[in-house]
There are 2 protein chains.
Amino acid sequence: MPKPGPRLRLVDVAERAGVSLATASRALAGREGVSEEVANRVRQVSQELGYVANPYARTLAGGASSTVGLVVHQVDDPYFSEIAGGVIQVAGEQGLLVQICHSGRDPDYELRQLRHLIAQRVGIILIAGSGYADPRVEAPARHELSAYQSLGGRVAVIGRHFLGVDAVLPDNTAGGRALGEHLLGLGHRRIAIASATGGLTTVLDRLAGVAEALQRHGLAIEDLPVVRTDFTRDGGRIAAEQILREHPDTTAIIALNDSMAIGVLSTLRAHRVGVPDRISVVGFNDVSVAADLAPSLTTVRLPMTDMGRMVLDLALKPRSKRPRRRSTGHALVVRDSTGPVPS
Amino acid sequence: MPKPGPRLRLVDVAERAGVSLATASRALAGREGVSEEVANRVRQVSQELGYVANPYARTLAGGASSTVGLVVHQVDDPYFSEIAGGVIQVAGEQGLLVQICHSGRDPDYELRQLRHLIAQRVGIILIAGSGYADPRVEAPARHELSAYQSLGGRVAVIGRHFLGVDAVLPDNTAGGRALGEHLLGLGHRRIAIASATGGLTTVLDRLAGVAEALQRHGLAIEDLPVVRTDFTRDGGRIAAEQILREHPDTTAIIALNDSMAIGVLSTLRAHRVGVPDRISVVGFNDVSVAADLAPSLTTVRLPMTDMGRMVLDLALKPRSKRPRRRSTGHALVVRDSTGPVPS
DNA sequence: CTGAAAGCGCTTACAG
DNA sequence: CTGAAAGCGCTTACAG
């Protein structure tokens, strides 16, 4: 493994500016106790020389760590890559670097990644993946992160976690309700749900929203087929196959995210089932390709890029007494994959 | 910005193992000059205590930097997010952390990111975006990187660059040829090309491949309409609109990547132009959604995830006298978006 | 407001 | 094979 080489140091800047190391350090850090005049001179010299502090030395000496660790389930899932895009934007504006790692939707692996990030002394940790419905699953991570925070680390998450930290909360329940209302409004009653494993709060919340909508129409979600696979296109395919097989009279399928919806559409196409003529399909998230599918996908839009920006913004604020919460808002986007129930 | 807190230090491990700091350091680094017995004891103690070296101290002291910087045009472009996925996999296996930054397809911005990465003293720099056809565009980056390498940094890239570094070369020309042959074999002659700006080597190489195929059939690419927009869905839409307007007799459209092809398909659908009945469409890359479009997309598959793995593998090897080159291979994937020329 | 000095936690010549 | 010591490039009390 290579090592970084010699470069311009702070002493060089200090010498050129005719001040001591300490003064140069204070001037560049923008700390108090340096006359405006001297501070300006130092900054100017630093500029001219193109000085950039060695982050290893700075951090070791007790200064700020300028890197943020971002944990996603999988970067090549568009939901996460859009979030990552938002995080990277803000980081770029702030001169921070973003380290991305995968959790692979596995709490143990995620814990290991967290520990690695902490051991690497990143200054900020962002978790973008869904929380787990069972608080015990997150207990080890919670402890790890609270120790990290008590040492000055900052943590913020996307989704409903049991981590006791600042959070950006996607409008999952309201979005689920909107989807349910939309389909019910079109007359659908035989609705099937392509869901991911029940262990995730994202899944529970979206389902809860759907259940609310059903309830208003005197229906119970318990009476609907809910097929649990996972949040991928393959998961959607498997779910659709099962729904077609076991519930052939289904007129609408709610996929709990767009990837699954894509898999559902693909399977329906393979079976020559017309969408939305025979079955309407909805997704969740509005990943950018959703508009370009055929038929284009009715879904709930979550502002993923903004969510990425928001979560880093939260972490950039000093820690508050009680965890902050920010809701994302959502929008039902009606496209061509839904239509009135076939008569 | 938070600072990392106190943690287990190497002295603690050394004390517990009853050896000096120096010996402990050598033992854990696996260097020579420590008896097997002592080394094992130190490693064991380190394990038990869960010691992880402070990377800032280690790097500052002249040790290895264990972070790799990855520059992509845009993480939320599936081509790049799949590559990033591969890089992150290998990094995870090696205990390395990956810092991702955007170049935004802007050479100046890219240069700034590169400088930032170098200033941050990452040990490895990976560039995933296309090279520029004009070597002068990359000259500043080339100088920056060669200084970086002479100080021990490692660099590897994906694509045809003028950077004098190890490279993974996507099979762009051969892929373009395959696409051309496929369409020509189906009888198409009035082929239009939805291309990105000519400044990128990726574009030139893919076009060169198409040109070769045409030539074998006695045709010249100069006689075909080549619309230059950019490598996005919107670029594809704009190109398709222009092609429909100015070359209404076109029977096949080659989009130079899948994102553009998605835009092309979307526009053709909006105009109720049958695919492939009236116009065949092909893309390039085979991003995962390509198989799920309607109609599913005929395209050239590039092993993006593997490319990510390969490029980091290259960088992990010691620098060689002359830059290494690895070709990726490709595969023509024929799906439903192409068919015989309409009679 | 400014500077000399200690210290952050490692690695690596330099002695032995 | 092993250890004492210097040094990496910063920041931050501590004096003045």
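It should be emphasised that the depicted structure is a prediction, and the values quoted were computed from it without experimental measurement. Residue numbers begin at 1 in each chain, while the letters A, B, ... track the order of the sequences. Basis for what follows: all heavy atoms, side chains included, without hydrogens, waters or symmetry-related copies.
Contact check, A:R26 against C:dC1: no side-chain N or O comes under 4.0 Å of OP1 or OP2. For B:Y51, a side-chain nitrogen or oxygen approaches OP1 or OP2 of C:dC10 to under 4.0 Å. Distances shorter than 4.0 Å separate none of the side-chain N or O atoms of B:S20 from OP1 or OP2 on D:dA4. Using a 4.0 Å cut-off, some side-chain N or O of B:S35 falls inside it from OP1 or OP2 of D:dT2.
Candidate nucleotides C:dA5, D:dC10, C:dC10 were compared by shortest atom distance to the side chain of B:A57, and C:dC10 ranks first. Among the nucleotides C:dT2, D:dT11, C:dG9, the one closest to any side-chain atom of B:R9 is C:dG9. Comparing D:dC8, D:dA5, D:dC10 against the side chain of B:A22 picks out D:dA5 as the nearest. Of the candidate nucleotides C:dC10, D:dG3, C:dG3, C:dG3 has the atom nearest to the side chain of A:T23. The listed nucleotides are D:dT11, D:dG3, C:dA5; the one nearest the side chain of A:A61 is D:dT11.
Considering CD1 of B:I100 and CD1 of A:I100, their distance stands at 3.5 Å, rounded to 0.5 Å.
The base of C:dG9 does not come close enough to the side chain of A:R121 for any donor and acceptor atom to sit less than 3.5 Å apart.
Along DNA chain C, the nucleotide closest to B:V11 and the one closest to A:G18 are compared, and the more 5′ of them pairs with A:G18.
Across all their heavy atoms, A:A14 and A:A24 have their closest contact at CB-CB, 3.8 Å. Across all their heavy atoms, B:C101 and B:Q113 have their closest contact at CB-OE1, 3.3 Å. The two residues B:S103 and B:Y109 have their closest heavy-atom pair at O-CD2, 3.5 Å.
Within 6.0 Å of the CD atom in B:Q47, the count of heavy atoms belonging to other residues, nucleotides or ligands does not exceed 12. Heavy atoms from other residues, nucleotides or ligands lying under 6.0 Å from CZ of A:R43 number more than 12.
Annotated stems with DNA chain C as a participant read C:1-3 with D:14-16, C:5-12 with D:5-12, C:14-16 with D:1-3, given as range with range, by first number; only runs of 3 or more Watson-Crick or G-U pairs under 3.5 Å qualify.
Regarding A:R31, its CZ atom lies at a distance of 17 Å from the P atom of C:dG3, rounded to whole Å. As a whole-Å value, the separation of A:L21 CG from D:dA13 P is 16 Å. Here C:dG9 presents its P atom at 16 Å from CG of A:N54, a figure rounded to the nearest Å. We find that CZ of B:R58 is positioned 10 Å from P of C:dT12, with the value rounded to whole Å. For A:Y56 and C:dT11, the OH to P distance is 14 Å, given to the nearest whole Å. Distance A:L28 CG to D:dT11 P: 8 Å, rounded to the nearest Å. The nearest whole Å value for the distance from the CG atom in B:L8 to the P atom in C:dG9 is 11 Å. Put simply, CG on A:L10 is 14 Å from C1' on C:dG3, counting in whole angstrom units.
Remark: side-chain polar atoms of A:T59 are paired, donor with acceptor, to backbone N or O of A:P55 under 3.5 angstrom. Of the possible donor and acceptor atoms, one in the side chain of A:S130 sits under 3.5 Å from a partner among the backbone N and O of A:T202.
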